[in-house]
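Only this structure's heavy atoms are used, side chains among them; waters, hydrogens and symmetry mates stay out.
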Amino acid sequence: MFDPRDSASRPAEPATLTEGLDARGKREFNRLQKRLRRQVGNAIIDYGMIHEGDRVMVCLSGGKDSYTLLEILRNLQRNAPVNFSLVAVNLDQKQPGFPEHVLPDYLTGIGVDYRILERDTYSVVKEKTPEGKTTCALCSRLRRGSLYGFAEEIGATKVALGHHREDILETLFLNMFFGGSLKAMPPKLLSDDGRNMVIRPLAYCREADIAEFARLMEFPIIPCNLCGSQPNLQRQVVKEMLAEWEKTHPGRLESMFKAVTNVAPSQLADRALFDFTGLEEKQDRMQADRIDLHNEP
């Protein structure tokens, strides 16, 4: 498994990426890159995300998160103590105006194995979504189904998604506020049908760091015009709420993310997760143990 220290001492990216920066800018870029590598490496170790011989399908949307995910995994791959392969997969949803050449040109240029999966989910989403309703839920389901099925076709053992720390926290609050459940996005997930293992190597990474890295790397970002222009998205409202909290109370998001990894089932109220009705029996056993210990000669 990974040891992030293996790649921490690697030199910075080729000079062409930092030639426009002054000495301080180059140092900051190197620190940012090392921090992202360390955080991704730690997440991979903590959750056992990648193993010997894995074929990792990196879902590449054209956004800052998936570009960063691919780049950091490529970076770690060069020094990882296990052998694994990467294949970038983009789902072309046939959105009007989608620049189909951008990703193939970029991936060919950096020498990454890639596939373009063409599925007209755009038409389905527009047809099935009532006027005035958001498209994200249906779009996400269709996209996930297409990618999971394709992962099997190409023999991918892991499906890597670009969700980061804020995505996980936003999902936590969306489920609490609107779904009545206490759940988020796990760093590692077995799909419901047991066929796909989904990993989120950016789980420990801050969105601000990813955005800055993407800016400095000058990734050819492709905006999502299907959902990005929709007003009053619940996720956007939650995102703004979390951003305000972090602004007025620095460190709050870090504390909240730590809480997601440090759950005490007995201090919640889920009867399926903790045996509240059996507490009397547990109390009796504990009392009996105390009596037996007290009566020992």
Side-chain angles (χ1 to χ4, degrees), residues 2-45 58-80 86 88 90 99 101-112 114 160-170 200-224 228 236 239-240 242-255 257-258:
F2 286 91
D3 185 341
R5 293 170 298 184
D6 291 342
S7 58
S9 59
R10 289 187 68 253
E13 291 297 316
T16 53
L17 293 177
T18 57
E19 62 184 7
L21 301 176
D22 57 18
R24 179 180 178 182
K26 292 178 181 179
R27 288 195 301 270
E28 291 178 351
F29 174 81
N30 287 335
R31 282 197 294 268
L32 172 61
Q33 186 174 231
K34 289 178 181 179
R35 181 162 63 250
L36 289 171
R37 281 202 304 261
R38 182 179 66 253
Q39 291 169 338
V40 170
N42 285 340
I44 291 173
I45 291 172
V58 181
C59 298
L60 194 65
S61 66
K64 68 183 189 312
D65 305 327
S66 58
Y67 274 124
T68 298
L69 172 63
L70 177 62
E71 181 61 25
I72 297 299
L73 287 179
R74 290 178 66 228
N75 211 300
L76 289 173
Q77 185 187 34
R78 301 183 189 115
N79 294 283
L86 298 171
N90 171 252
H101 67 284
V102 171
L103 286 170
D105 288 352
Y106 172 77
L107 294 168
T108 300
I110 62 175
V112 169
Y114 73 91
L161 304 179
H163 298 120
H164 46 69
R165 184 191 69 174
E166 277 82 348
D167 285 326
I168 293 172
L169 291 176
E170 288 163 17
R200 296 182 170 99
L202 297 181
Y204 292 170
C205 300
R206 297 170 60 243
E207 183 175 16
D209 284 346
I210 292 170
E212 179 64 6
F213 183 73
R215 184 186 71 83
L216 292 170
M217 291 292 293
E218 298 182 346
F219 294 136
I221 303 298
I222 302 174
C224 178
Q236 185 60 34
K239 178 186 285 289
E240 292 171 0
L242 295 181
E244 181 62 25
W245 284 357
E246 184 66 11
K247 179 181 178 181
T248 55
H249 303 281
R252 176 171 286 188
L253 297 192
E254 186 66 30
S255 180
F257 184 79
K258 184 177 180 180

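- Looking at residues two or more places apart in sequence or on another chain, you find a salt bridge (charged side-chain N to carboxylate O under 4.0 Å, His left out) between E28 and R24.
- In this structure, C59 and S66 approach most closely via the heavy-atom pair O-CB, 3.4 Å.
- Going from atom CZ of F29 over to atom CZ of R215 covers 10.5 Å, rounded to the nearest 0.5 Å.
- Here K64 pairs with E207 under the salt bridge (charged side-chain N to carboxylate O under 4.0 Å, His left out) rule; sequence neighbours left out.
- The side-chain contact (heavy atoms from CB on, under 4.5 Å) search around L32 returns R35, L36, D209, E212, F213, L216, not counting sequence neighbours.
- Atom CZ of R38 is separated from atom CG of L76 by 12.0 Å, given to the nearest 0.5 angstrom.
- Residues I168 and F257 form a side-chain contact, since some pair of their non-hydrogen atoms from C-beta on lies under 4.5 Å apart.
- For the atom pair CG (L86) and CG (L69), the distance works out to 9.0 Å, reported to the nearest 0.5 Å.
- In this structure, V40 and C205 have side chains that are in contact, with non-hydrogen atoms separated by less than 4.5 Å.
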Output a table of donor-acceptor pairs, distance under 3.5 Å, between side-chain atoms of residues 104-112 and any protein atom two or more places apart or on a different chain; print 'none' if there are none.
residue : atom : partner : partner atom : Å
T108    : OG1  : P104    : O            : 2.7

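- If you take CD on Q33 and CD1 on I72, they are separated by 6.0 Å, rounding to the nearest 0.5 Å.
- Every residue meeting the side-chain hydrogen bond (donor to acceptor under 3.5 Å, both in side chains) condition with R74, not counting sequence neighbours, appears here in chain and number order: E71.
- Under the side-chain contact (heavy atoms from CB on, under 4.5 Å) criterion, E254 pairs with R165, not counting sequence neighbours.
- By the side-chain contact (heavy atoms from CB on, under 4.5 Å) test, P250 pairs with no residue at all, sequence neighbours left out.
- Under the side-chain hydrogen bond (donor to acceptor under 3.5 Å, both in side chains) criterion, T68 pairs with no residue, sequence neighbours left out.
- In this structure E246 satisfies the side-chain contact (heavy atoms from CB on, under 4.5 Å) test together with R252, L253, sequence neighbours excluded.
- Across all non-hydrogen atoms, the minimal contact from H164 to I210 is CB-CD1, 3.6 Å.
- Between G162 and D167, the shortest heavy-atom contact is O-OD2, 4.2 Å.
- When the side-chain hydrogen bond (donor to acceptor under 3.5 Å, both in side chains) test is applied to Y204, the partners found at least two apart in sequence or on another chain are D46.
- The CD1 atom of I221 sits 8.0 Å away from the OG atom of S61 when rounded to the nearest 0.5 Å.
- Remark: E240 engages Q236 in a side-chain hydrogen bond (donor to acceptor under 3.5 Å, both in side chains) (not counting sequence neighbours).
- A distance of 13.0 Å separates CG of D65 from CG of L70, quoted to the nearest 0.5 Å.
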